[in-house]
2 protein chains.
Amino acid sequence: MARRKSTIDETCPVARSVDVIGDRWSLLIVRDAFDGVSRFGDFQRSLGVARNILSERLRRLVEADILETRPASDGTAYQEYVLTAKGESLFPVVVALRQWGEQYLFSHSEQHSILMDKATGQPIPYMTPQSGDGSAVTSSETVVKKLP
Amino acid sequence: MARRKSTIDETCPVARSVDVIGDRWSLLIVRDAFDGVSRFGDFQRSLGVARNILSERLRRLVEADILETRPASDGTAYQEYVLTAKGESLFPVVVALRQWGEQYLFSHSEQHSILMDKATGQPIPYMTPQSGDGSAVTSSETVVKKLP
DNA sequence: CCAACCAGTTTTAAATCAAAACCAATGGAG
DNA sequence: CTCCATTGGTTTTGATTTAAAACTGGTTGG
């Protein structure tokens, strides 16, 4: 590509988020991390991503404080990658993408995975933005305000 | 790049979603569309994206049934791009990205925009996955189940 | 101690991207 | 009606990124 125009001066939160995790692999790495994957080789096998790309993405995610490294919990000398609090906060993003995909990207007959509540065994209902009183709001009922 | 490995056979909804909108521009185009932008030139000026890239992305989004074209509402012979129902359904994704960005990607003193409820003038509360009874659930309280 | 494994890094070729030039159709001024 | 600026792209051309595979060096198991 020509040099990527950095959106670092962007005042839109969506643009900044996309700048950090808006590529083909970062969100899938985060998804796997939510799923308990933590080792380099496990990410690599799970995603089928090239190792150099995985290496660079993991480094970026660690730099962005979304993942952190620590000594492997299984006693080996290797390290593992785990979500930070900032990374855990991406849960709604991953769930929103998952639910949208569930609704629109599978043919009716096609099987796909769904997100369940461990406690009740019921599917997690579709997430939606809500007003202060808990009622759902649509995009046309909201407006983006620039703070002064 | 070497040829992109298509994730079309992927059974994970997150992977399919990322395959459709997981690039630097598509989600920003959708965000602008939520904001009322509909004309080629307006997207181009708003995003600062190269025109050929914008053209290709708009075509992809139309093919994916996220946007659709129709005659411009202002009487000119040009066309405009508007969100379909499928595109409107990306609202939770955009809001989740926005809210994560608001929380983590701005220094405390830095100004940024926030999403408000038009009716009440109050900020939209942070979205979170909920259990069937409306209580928030964390990632560790959920599990991904593959349907048979 | 040796072989297999893990976690990367380097190398190389292909694909994509960004910028700018180019082009056709539209619309507005006079 | 004519000229010219605007709109909405497409084409061309390098720069950059990506993917795949080969390579490296420490680790672990036998």
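Chain letters run A, B, ... following the sequence lines, proteins first, then strands; residues in each count from 1. What you are looking at is a predicted structure, and each value in this text was computed from that prediction instead of being measured.
- Remark: R16(A) is positioned above the aromatic ring of F106(B), its terminal NZ or CZ atom under 6.0 angstrom from the ring centre and at most 45 degrees off the axis.
- Note on ring orientation: taking the six-membered ring where Trp is involved, the planes of F43(A) and Y81(A) are perpendicular (angle over 60°, cut-offs 30° and 60°).
- Looking at which nucleotide of DNA chain D each of T76(A) and R51(A) is closest to, the 5′-most match is held by R51(A).
- Checked against ring pair (Phe, Tyr, Trp, His ring centres under 6.0 Å), F40(B) has no partners two or more places apart in sequence or in another chain.
- Listed by first and then second residue, the salt bridge (Lys or Arg N to Asp or Glu O under 4.0 Å) pairs involving residues 77-92 of chain A are R70(A)-E80(A) (not counting sequence neighbours).
- For the pair L58(B) CG and dT7(D) P, the computed distance is 16 Å after rounding to whole Å.
- In this structure, CG of D42(A) is placed 12 Å from P of dG8(C), rounded to the nearest angstrom.
- Residues A50(A) and G75(A) each lie close to DNA chain D; by heavy-atom proximity, the contact nearer the 5' end of the strand is made by A50(A).
- If you take CG of L54(A) and P of dC6(C), they are 14 Å apart, rounded to a whole angstrom.
- Residue W25(A) places at least one side-chain N or O closer than 4.0 Å to OP1 or OP2 of dA19(D).
- Among the heavy atoms of the strands lying under 4.0 Å from Q79(B) are primed sugar atoms or P, OP1, OP2 only; no base atom is included.
- When the side-chain nitrogen and oxygen atoms of R39(A) are compared with OP1 and OP2 of dA7(C), one or more of them lie within a distance under 4.0 Å.
- With hydrophobic clusters built from ILVMFWY side chains whose heavy atoms lie under 4.5 angstrom apart, V20(A) shares a cluster with I53(A).
- Remark: C1' of dT10(D) and CG of N52(B) are 8 Å apart, rounded to the nearest angstrom.
- Between I53(A) atom CD1 and dA22(D) atom P the separation is 17 Å, expressed in whole Å.
- No engagement by F43(A) is indicated, since no non-hydrogen atom pair under 4.0 Å with the nucleic acid exists.
- R57(B) has a side-chain polar atom (N or O) that falls below the 4.0 Å cut-off from OP1 or OP2 of dC17(C).
- Dashed line: the shortest gap from a side-chain N or O of S55(B) to OP1 or OP2 of dG9(D) is not under 4.0 Å.
- Distance OH (Y78(A)) to C1' (dT27(D)): 4 Å, rounded to an integer number of Å.
- The CD atom of E56(A) sits 11 Å away from the P atom of dA19(D) (whole-angstrom rounding).
- Distance CZ (F40(A)) to C1' (dT27(D)): 16 Å, rounded to an integer number of Å.
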